[in-house]
2 protein chains.
Amino acid sequence: MSIERVRRRRRTPEEARLEVLACARARLLAGGPDSVTLKAVADDLGMTHANLIHHFGSAEGLQSALMGSMVADLSNALDAAIARLRTDEGAPLELINAVFDAFAEGGAGKLAAWIVLKGDLTHLEPVRAAVNGLVEAIRDKLGDPLTASPKQLSSAVLFIALSAFGEALIGPPLRDMLDQDEEASRQVVAGLLPYFLLKAERGE
Amino acid sequence: MSIERVRRRRRTPEEARLEVLACARARLLAGGPDSVTLKAVADDLGMTHANLIHHFGSAEGLQSALMGSMVADLSNALDAAIARLRTDEGAPLELINAVFDAFAEGGAGKLAAWIVLKGDLTHLEPVRAAVNGLVEAIRDKLGDPLTASPKQLSSAVLFIALSAFGEALIGPPLRDMLDQDEEASRQVVAGLLPYFLLKAERGE
DNA sequence: GATGTAACTAACAACAATGTCAATAGAGCG
DNA sequence: CGCTCTATTGACATTGTTGTTAGTTACATC
């Protein structure tokens, strides 16, 4: 019997980082932060944990890169939703759906939970631009300059984002408790949005 | 010089559990789940980690007890808010404030984040009763039986709870991004609630 | 084909967290 | 005071994770 030499695969640094981050994200979403250890990720990919340290410097380096990657995806998803808004003639429900989808994709809920627990808010910074882009998109799309002030537009986005984050985090169990179906959250928010933007007429 | 014997303190089991859980909660809120280890908590309290195992069975037992304790507090805070609602003549803003306060106290935001990441939703069960109590309180307080269906009342609570959870979790950084002050979230929700409960008149 | 770079591995060291167990010592009770 | 019960300790074993280092091998380039 011949000794079967395992052929060693050599990736480019970028390939390696992408593979590792994808695997780490899957582990985070499936099993929480404790399940994304160097050894576990390395085993999944058929490499050694020393190699992960080679690419990311340390375990903390990997975690940081993972946060950055997920936040970037969330930010891009928001930008894409905004771009969609600016082109088609969507009703308010379309807008809400786009934002909720952006938060739902890529596990933004668990990402936010992780960031909050870590207390490391600096990683959220890229979201700032995306969120403010959302304010402008809503202004151009729905806002009546005579009735909706900039401050109000901002609080409209605050309202939407809070709900979308909440839904991504604890939407399913909470809806179950209240006997509400899967679309309930976004329908509620969509139904409220027109009233909210109209409110300017009445002073306040 | 005489050898100073360290006097060993002996607590009742209940005393011990309460002290430990308070300390563990403080650690969770300050440093996240990774900072609540047997040794760290024991050191804070001047005891040995073996003693924690004696009282809680295992590290997992301590975590589970901590979750239970925090969920119970959240549930009690909600119940108290409901009781307050039923007695005084509060405006919608009072109602919203009570619920937001309930979620804010005791670190409900980080609690939710922790539970979601652990994926262990069974611990949320006590919240179910509290949330449904909230539905009934709103029905008795604000709901017009002719215009607001049970389903709508439920989705009103869904809407409030999502927002309150979202605010507890990522309210501060999100409000900072949007240049909104501390009261913004609850004001928005309070301002929307009347419109929402009126919606029944128009069919939908 | 020879060579250099660096992706990758294997083995080991260091450390932290959990858990076990026999022994110690508070506190109530006769 | 003596006795019992158990909260509490101290020392140890175990396991899992991170990090280091010397060496191996894939692959591009000349």
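Values in this document were obtained by computation on a predicted structure and should not be read as measured data. Lettering of chains follows the sequences in order, A, B, ..., and the numbering in each one begins at 1.
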Protein-nucleotide distance ([X], atom [atom1]; [N], atom [atom2]), rounded to Å:
| X | N | atom1 | atom2 | value |
| --- | --- | --- | --- | --- |
| Asp34(B) | dT17(D) | CG | P | 12 Å |
| Phe56(B) | dG19(C) | CZ | C1' | 16 Å |
| Leu62(B) | dG19(C) | CG | C1' | 14 Å |
| His54(B) | dT18(C) | NE2 | P | 18 Å |
| Leu38(B) | dT15(D) | CG | P | 18 Å |
| Arg10(A) | dT9(C) | CZ | P | 11 Å |
| Arg11(A) | dT25(D) | CZ | P | 17 Å |
| Asn51(B) | dA17(C) | CG | P | 18 Å |

Would you tell me if any nitrogen or oxygen in the side chain of Arg9(A) comes within less than 4.0 Å of OP1 or OP2 on dC8(C)? no

Sub-4.5 Å side-chain heavy-atom contact between [X] and [Y]:
| X | Y | value |
| --- | --- | --- |
| Asp79(B) | Ile82(B) | yes |
| Glu125(A) | Val71(A) | no |
| Phe56(A) | Arg17(A) | yes |

Value rounded to 0.5 Å, distance of CG in Asp73(B) from CG in Leu78(B): 11.0 Å

To the closest 0.5 Å, what do you measure between CG (Leu158(A)) and OG (Ser163(A))? 8.5 Å

The nucleotide from dA27(C), dG19(C), dG19(D) with an atom nearest the side chain of Ile53(B) is dG19(C)

Can you name the one residue among Leu66(A), Asp34(A), Val41(A) that meets side chain to side chain contact (heavy atoms under 4.5 Å, CB included) with Arg27(A)? Val41(A)

Of Leu21(A), Leu18(A), Leu74(A), which is the lone residue that meets side chain to side chain contact (heavy atoms under 4.5 Å, CB included) with Ser69(A)? Leu21(A)

Between Ala50(B) and His55(A), whichever has its closest DNA chain C nucleotide further toward 5' is His55(A)

Applying a 4.0 Å non-hydrogen cut-off, can you work out what Thr12(B) is touching in the nucleic acid: base, sugar-phosphate, or nothing? nothing

Strictly below 4.0 Å, heavy-atom distances to any atom of DNA chain C: list the hits from residues 39-49 of chain A, or just say none. Gly46(A), Met47(A), Thr48(A)

Do Arg8(B) side-chain and dT9(D) base share a donor-acceptor contact under 3.5 Å? no

